[in-house]
Each structure stands twice: as C-alpha cells, then as structure tokens.
Amino acid sequence: MKSVKIGLLGAGNIGRVHIESLQRVMGAEVVAVADTDTETAAAAREKYSIPEVFSDYRKLLKLPDVDAVFVCTPNVFHKEMVINSVQAGKHVFCEKPMAINAAEAKKMVAAAREKKRILFMGFCNRFNANSRGLKKMIEAGKLGDIYHSVVSVTRRRGVPAIGGWFTQKSQAGGGALIDIGVHMLDLTLWLMGFPKPVSISGAAYSKFGHRKDYVYTSMWGEPVPGGKFDVDDYATAFVRFDNGATLTLECSWAANIPQMPWTSYLMGDKGGARFDFDAGLEIYTEDSGFIADVKHQFARQNNYVDEDAHFIACVQGKEKPLCTGEQGLTVQQIIDGIYKSSETGREVRIK
Ligand SMILES: NC(=O)c1ccc[n+]([C@@H]2O[C@H](COP(=O)([O-])OP(=O)(O)OC[C@H]3O[C@@H](n4cnc5c(N)ncnc54)[C@H](O)[C@@H]3O)[C@@H](O)[C@H]2O)c1
C-alpha cells in the first residue's frame, strides 16, 4: 500500500512530538511543514529531514501529493486550517481542543462532512493502555449502567507558557478547562458511551496566572515575560446527560491542593472504576459474596505513536476513526456551557 504523505501545520511542541511519532509509523511520511516562525520551520527541516517547508500553510495545502494534514497550531487557527484543508481535499488530524468555541467546531464538522474527508480529533489519551482496557471492560458490561462519573484534572502549579497564546482568551478560547479539562472530559465521555449533554452548571476562576510572583513546579512551553493572562486557572462543573447520567468535573492549572494524578471515577450499577492518567486502573466490584478491588497491571506505551498509527490506518481505509469531529463538537459544547454558566451564574441548557 502506498505511504500516506503528511503535511504538518505548526512545528511547535506538539507538532514535533507528532513528527517524531509519525517517523516511527510504518506507511507514514512527513513531506512538508508549515510554520509562521521561519526559524521553527527551518529547524524542523534540519532536524527531521523534511523535504519542503513553508511559512504560509496555504502553500502547503496546494501540494497535490499531500494526503493528510496535522493541525498543531494555537487553538484560534484550528477552525480556519481544518476548513481550508478539507476544502483542499486533505484528511485532517486536529489537535485538541477542537476550536475556541462550539460555533466554530460545528462549521468544521459541516465542512468535513461536505467534502467527505476524515476530521480526526487528537484525543491522545484514548490510546493509553489503561483507557483502552477499561473501554473493553465497559463494553463487556462489567460496570453495568454507568450513572455518574467524577473527573479531576488538576495541577497545583502548571500554567503552560504563561503570558503566551495559551493564557490569552482571544488565542486559546479559555484556560485550564479548554486546555487540560478537555482531555479528561473527552476520555470520560468516551468511556460513558458519549451520552448527549442536556444541562450544565459551572464556575471558572482566575486566581494565580496574573500574579507577578507566580511560582511554579513545571511548565509546558516557555514563559513570555510581561505577557497577558485573561483566562481561567480553575473550573468546576456539574453536567446532566440525556440518558439520566451525570458528571462532575474539577480542573486546574493552578490551585492550593496537593499535586494529584488526573483521575476519573466511573460509577456503574454492577461495578465502579478508577482510571488514573498516570497508568492506574482499579475496578470496584463484588466477588463470591465479597467486596472486591481489582488492580490491573500493564506496560506503558507511547500513546502518540499509537494515535498517529491509527490515524494513518484510517486514511488508508483500514480502520474507522476512533475520535470524531462530532465527538469533539460535543466536548466543545460542554466547555462552552461551563464558561457561559460561570458568566451568567445560571444553569445552561443544550438543545
Ligand atoms: N494532545 C496533547 O497532548 C497536546 C499537548 C500540547 C498541546 N496540544 C495542542 O496542540 C496545539 C499546539 O500546542 P503547542 O504546545 O505545540 O504550541 P506551540 O506554541 O509550542 O506551537 C505552535 C506552533 O504553531 C506555529 N504557528 C502559529 N500560528 C501559525 C500559523 N498561522 N500558521 C502556521 N504555524 C503557526 C507557531 O510558530 C508554533 O511553532 C494546541 O492546540 C494545543 O492545545 C496538544
């Protein structure tokens, strides 16, 4: 089978992760990179031997032999890049979050449907060994009816690239919620079978990011001294779904709480599960008249490589996309609902 030729838009932190992953996937070839920062583009060409680099991504889209595009730019560019890519006949892998709001996400889904191109959402955590294992158990009925989940995605001090695009509403669409809340929201919804959200109550806060004396233990990307911070660094929410199930969420880039792994508790009428981002998986059940806790062990793997291999197989027609644009839109509707509920102080209903 002919190899899938990839054009990558945005060779920043996650863009480079995907180039390295794709270079490990059989049948994939990164043939072009576009980045407005010419030094970043040139460095990618040099380090990864990329044949063609551009500063204007629209030139990359004109390459007839590019089959698919990876969108790895700041959130504000996702909508335009996805729509222009599908209109140029390319399949698309779009990094999370899908867009800066649900109205944009809706247009992206419509454009991909109209052009019959794959719009794959980069929800990499569905490819962890423990999430895939738990999904199988749920599908086999081990938890029964899942009626509630408790999602916690917290960092004690972990604002990314503070002062840069991540912390500006106009560029990112929001803060902790849209950046990391999105990961565990998607994962939990997927495990729950993607029920449709019907109402949302939420609150978002901004307490740390604007501080001149902000101290931190880790940071994704580099800080931009003097840059802007006008987004949330903590959010909490309660979501109701059309099947009667509910979900609570807490999410922080920064909060005065202990550093904890990202966790999702799923409560079913036959069993419960504790999924932990740092490779934990426990099932709470009953066995022969006893209360039983089952701890699962497995090897950790590189979820980006598995995610990219799956996307390539989808482009080749060998697999069906696991993470769809439609699901990305549902996640985005919940995020929008949390922000709106926080602003208005009221529950938001989703039609
Ligand atoms: N799945 C994950 O685990 C994960 C992790 C980190 C980031 N992300 C997502 O990936 C995206 C990028 O994040 P990042 O951390 O790599 O950001 P980054 O700032 O490190 O990289 C973004 C790159 O895009 C380039 N760029 C900006 N505007 C452009 C344009 N108009 N055309 C072409 N290039 C442009 C920048 O020059 C930069 O090199 C975001 O949507 C983010 O939420 C996903």
Side-chain angles (χ1 to χ4, degrees), residues 7-21 32-45 47-48 50 52-61 69-85 92-101 104-105 108 120-128 131 153 155 158-187 218-224 227 231 253 262 277 302-308 310-311 323 328 331-332 335:
L8 184 127
L9 316 184
N13 287 309
I14 201 68
R16 291 191 293 271
V17 168
H18 283 299
I19 295 174
E20 288 176 19
S21 300
V33 160
D35 199 298
T36 40
D37 184 315
T38 47
E39 274 180 33
T40 300
R45 179 193 346 235
K47 183 165 182 196
Y48 303 112
I50 307 290
E52 299 207 61
V53 298
F54 303 91
S55 55
D56 182 348
Y57 79 95
R58 283 165 295 205
K59 290 194 176 142
L60 183 154
L61 293 184
V69 158
F70 272 56
V71 174
C72 302
T73 50
N75 309 347
V76 68
F77 301 114
H78 291 188
K79 181 197 99 182
E80 173 200 306
M81 288 179 165
V82 166
I83 292 177
N84 286 341
S85 299
V92 181
F93 177 114
C94 177
E95 258 306 342
K96 55 52 62 177
M98 188 163 181
I100 60 171
N101 58 47
E104 290 195 344
M108 294 155 78
F120 183 89
M121 274 309 305
F123 290 128
C124 54
N125 296 300
R126 294 200 206 173
F127 294 85
N128 298 343
S131 33
V153 196
R155 291 181 185 156
V159 180
I162 197 162
W165 71 262
F166 271 103
T167 64
Q168 299 182 33
K169 192 164 168 45
S170 62
Q171 303 280 300
L177 174 62
I178 202 166
D179 179 44
I180 56 173
V182 69
H183 273 301
M184 291 298 278
L185 253 181
D186 169 72
L187 188 59
S218 68
M219 188 175 287
W220 172 273
E222 296 297 318
V224 178
V231 292
W253 271 346
W262 296 359
F277 190 76
N302 184 324
N303 55 352
Y304 293 112
V305 174
D306 289 357
E307 176 186 43
D308 291 357
H310 167 68
F311 175 72
C323 314
V331 175
Q332 199 78 48
I335 291 170

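Counting convention: from 1, in listed order, for ligands and their atoms alike.
Looking at Arg58, Glu95, Lys96, Glu80 and measuring to atom 43 (O) of ligand 1, the nearest heavy atom belongs to Lys96. Selection from Asp35, Val33, Ile14 by nearest heavy atom to atom 25 (C) of ligand 1 gives Asp35. Taking all heavy atoms of Asp179, Leu8, Asn13, Val182 into account, the minimum distance to atom 20 (O) of ligand 1 is reached by Asn13.
The single protein non-hydrogen atom nearest to atom 33 (C) of ligand 1 is Thr36 N, 3.6 Å, given as residue, atom name and distance. The protein heavy-atom contact nearest to atom 21 (O) of ligand 1 is Gly12 CA, 3.3 Å. Protein heavy atom nearest atom 32 (N) of ligand 1, with residue, atom name and distance: Met81 CE, 3.3 Å. Summary of contacts: the protein heavy atom closest to atom 3 (O) of ligand 1 is Tyr304 OH, 2.6 Å. Nearest protein heavy-atom contact of atom 28 (N) of ligand 1 is Phe77 CE1, 3.3 Å. In this structure, atom 27 (C) of ligand 1 lies nearest to the protein heavy atom Pro74 CD, 3.5 Å. When only non-hydrogen protein atoms are considered, atom 19 (O) of ligand 1 lies nearest to Trp165 NE1, 2.9 Å.
Taking every heavy atom of both residues into account, Met121 and Glu307 meet most closely at O-OE2, 4.4 Å.
Considering both main-chain and side-chain atoms, Tyr57 never comes within under 3.5 Å of ligand 1 through any nitrogen or oxygen pair. Considering both main-chain and side-chain atoms, Trp220 comes within under 3.5 Å of ligand 1 through a nitrogen or oxygen pair.
The closest approach between a heavy atom of Phe123 and any atom of ligand 1 is not below 4.0 Å.
Under the ring-ring contact (aromatic ring centres under 6.0 Å, His included) criterion, His18 pairs with Phe70, Phe93, Tyr304, sequence neighbours left out.
Here the CZ-CD1 distance, from Phe277 to Ile180, works out to 9.5 Å after rounding to the nearest 0.5 Å.
Within the 4.5 Å cutoff, the side chain of Ile178 has heavy atoms near those of the Gln332 side chain.
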